[in-house]
Amino acid sequence: MTLVSEVRLRQILDSRGNRTVEADVRTESGGFGRAAAPSGASTGEYEAIELDPSEAIASAREHAVPRLEGKVFVGDQRDVDRTLRAADGTDDFSEIGANSAVAISMAAAKAAADVLGAPLYQHLGGAFRGEESPTPLGNVVGGGEHAADATAIQEFLSVPVGAPNVQDAVFANAAVHREVHDLLADRDIAAGKGDEGAWAPSIDDEEAFEIVQAATDSVADDFGFEIRFGLDVAAAEMYDEDDEEYVYRDTTRSTDEQIEYVAELVDEYDLAYVEDPLDEDDYEGFAELTEKVGDRTLVCGDDLFVTNVKRLETGIEQGAANSILVKPNQIGTLSDAVDAVELAVENGYQPVISHRSGETEDTTIAHLAVATGAPYIKTGAVGGERTAKLNELIRIEQNVSRL
Ligand SMILES: O=C(O)[C@@H](CO)OP(=O)(O)O
Ligand SMILES: [Mg+2]
């Protein structure tokens with residue numbers, strides 16, 4: 001164990017070209033860790049608060065850094081994270097910013113791993129982790145808040161369930177992404193990319209379903225293993241609270257109709273995964289849908305749970321969802337994120353570790369997924385900030401990760 005000797009904070013760019021917080025943590029014995037905060041676009045109402053990066057840095061320098069330097073052992077992650085919470089003094093990190101908090105929390109973990117000379121996943125998960133890799137969910141077509149004039153559903157995700165290893169799974173998702181491009185070109189549909197690198201064509205959801213199904217089938221044939229697909233509906237973004245309906249491109253759906261629609265999609269397309277099919281306040285709707293299709297697909301809560309154990313407890317009581325998306329910056333620290341994973345697993349909910357739409361080259365979530373034995377990770381299919389995590393998973397699988 002070794003004390004934090006220095007915490008430095010700076011602004012850097014994220015993948016959208018926005019400023020974000022980067023933290024460096026040094027230890028008395030010469031350990032070093034660096035990490036950066038990601039940032040959402042379709043953020044949940046109940047997420048921890050991201051402050052303007054310059055304010056977050058100023059506030060963390062004033063309140064958190066003096067409580068860490070020379071006082072906290074870097075290997076005691078819970079103490080690092082407790083100290084961040086105490087320095088902040090609010091429930092939602094609105095004083096120092098969840099962006100400062102998560103950057104420091106992750107940088108401290110990396111510094112501790114550096115001191116140990118172990119990969120980060122081993123420091124976080126122990127000596128018996130690393131044998132199992134998560135299945136990557138790869139975003140291949142998308143719209144919603146991530147791209148203008150594209151699909152209403154935010155993400156169509158390739159799910160290579162039959163891949164024998166993470167390297168083949170990562171390559172398969174990239175191949176599906178390429179195949180989608182070719183199928184769009186065959187139909188003379190031009191497409192730029194959304195924030196996460198997924199194709200963002202101006203087509204309706206029905207056409208996207210056809211194309212993604214054809215792409216996953218064709219790549220599955222080539223690779224010789226099963227590839228299914230899934231969705232992030234991000235339904236909170238399409239829910240009109242006044243009219244109590246979900247607003248699609250050309251149609252609207254009541255809550256009952258939305259549940260019926262998603263259940264039909266699950267069966268028609270044999271969906272492996274459906275994230276946020278209903279509004280972030282609708283535990284009841286999530287429970288009803290889970291009752292209908294939870295035996296054959298993952299119903300995942302992102303904006304519903306926001307990586308928050310209290311919200312997950314409510315979901316567990318009501319039978320809402322059978323899976324949770326875990327984003328460390330939604331809650332502010334690695335300890336809180338790990339608590340959410342552990343509570344989920346104890347209650348039969350599958351954890352899915354996830355990136356944000358605004359990302360950096362930081363690879364912490366790849367290590368977190370392996371460290372917690374999470375069965376899935378959602379971190380895109382292409383694009384440097386996405387492949388940073390995917391390539392790290394390949395290195396971890398081959399035992400050559402240097403972090
Ligand atoms: O909704 C989501 O799951 C995420 C990541 O894909 O998007 P954002 O970071 O914009 O919230
Ligand atoms: Mg989501």
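In what follows, every heavy atom counts, from backbone to side chain, and hydrogens, waters and symmetry copies are set aside.
With salt bridges taken as basic N to acidic carboxylate O contacts below 4.0 Å, one links Asp52 and Arg19. Between Asp88 and Arg85 no salt bridge is recorded (no basic side-chain N to carboxylate O distance below 4.0 Å).
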Would you sort out whether Thr333 and Ser335 count as a side chain to side chain donor-acceptor pair (under 3.5 Å), showing the intermediate values? CA-CA 5 Å; Thr333 73; Ser335 300; 4.6 Å; no
For salt bridge (Lys or Arg N to Asp or Glu O under 4.0 Å), just list the numbers for Arg249 and Asp205, CA-CA rounded to whole Å, side-chain angles, deciding distance to a tenth of an Å, and then say yes or no. CA-CA 9 Å; Arg249 270 188 156 203; Asp205 293 352; over 6 Å; no
Working for salt bridge (Lys or Arg N to Asp or Glu O under 4.0 Å), residues Asp91 and Lys310: CA-CA 12 Å; Asp91 278 349; Lys310 288 203 188 100; 5.4 Å; no
Given Val233 and Gln258, is the side-chain contact (heavy atoms from CB on, under 4.5 Å) satisfied, shown in steps? CA-CA 11 Å; Val233 183; Gln258 176 80 355; 4.0 Å; yes
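Between the CD atom of Glu264 and the CD atom of Glu257 there is a distance of 10.5 Å, given to the nearest 0.5 Å. With rounding to the nearest 0.5 angstrom, the OG1 atom of Thr135 is 5.5 Å from the OH atom of Tyr376. Note that OG1 of Thr255 and CG of Asp279 are 8.0 Å apart. Values are rounded to the nearest 0.5 Å. Within the model, atoms CD1 of Ile104 and CG of Leu9 stand 5.0 Å from one another, a figure rounded to the nearest 0.5 Å. The structure places CD of Glu361 at 6.0 Å from CD1 of Ile12, a figure rounded to the nearest 0.5 Å.
When ring centroids are compared, Phe156 and Tyr269 stay outside the 6.0 Å threshold.
Taking 4.5 Å as the limit, every side-chain heavy atom of Thr379 sits out of range of all side-chain heavy atoms of Pro136. Residues Pro134 and Ile353 have side chains not in contact (no heavy-atom distance under 4.5 Å, counting atoms from C-beta outward). Side-chain contact between Ile211 and Trp199 is absent, with no heavy atoms from C-beta onward closer than 4.5 Å. Between Lys110 and Asp362 there is a side-chain heavy-atom pair separated by less than 4.5 Å. Glu207 is listed as a side-chain neighbour of Ile189, based on a closest heavy-atom distance under 4.5 Å. The shortest side-chain heavy-atom distance between Leu84 and Leu68 falls under the 4.5 Å cut-off.
Between the side chain of Arg34 and the main chain of Glu22, no donor-acceptor pair closer than 3.5 Å is present. Side-chain atoms of Ser105 do not come within 3.5 Å of backbone N or O of Ala101 as any donor-acceptor pair. The main-chain N or O of Gly197 is found under 3.5 Å from a side-chain atom of His177 such that the two form a donor-acceptor pair. Not one N or O on the side chain of Asp243 forms a donor-acceptor pair closer than 3.5 Å with the backbone of Glu245. Checked by atom type and distance alone, the side chain of Thr297 pairs as donor or acceptor with a backbone atom of Leu271 at under 3.5 Å.
Judged purely by distance below 3.5 Å, without hydrogens or angles, the side chains of Ser158 and Asn173 pair a donor atom with an acceptor atom. No hydrogens or angles considered: a donor-acceptor pair under 3.5 Å links the side chains of Asp92 and Ser94.
With Arg395 as the fixed residue, the side-chain hydrogen bond (donor to acceptor under 3.5 Å, both in side chains) test singles out one of Gln398, Glu392, Glu397: Glu392. Partner Asp195 forms a side-chain hydrogen bond (donor to acceptor under 3.5 Å, both in side chains) with one of Arg356, Arg16, His146 and no other, that one being Arg16.
Listed here is the closest heavy atom pair of Ala111 and Thr27: CB-CG2, 4.0 Å. Across Ser354 and Ile365, no two heavy atoms sit closer than the pair C-CD1, 3.7 Å.
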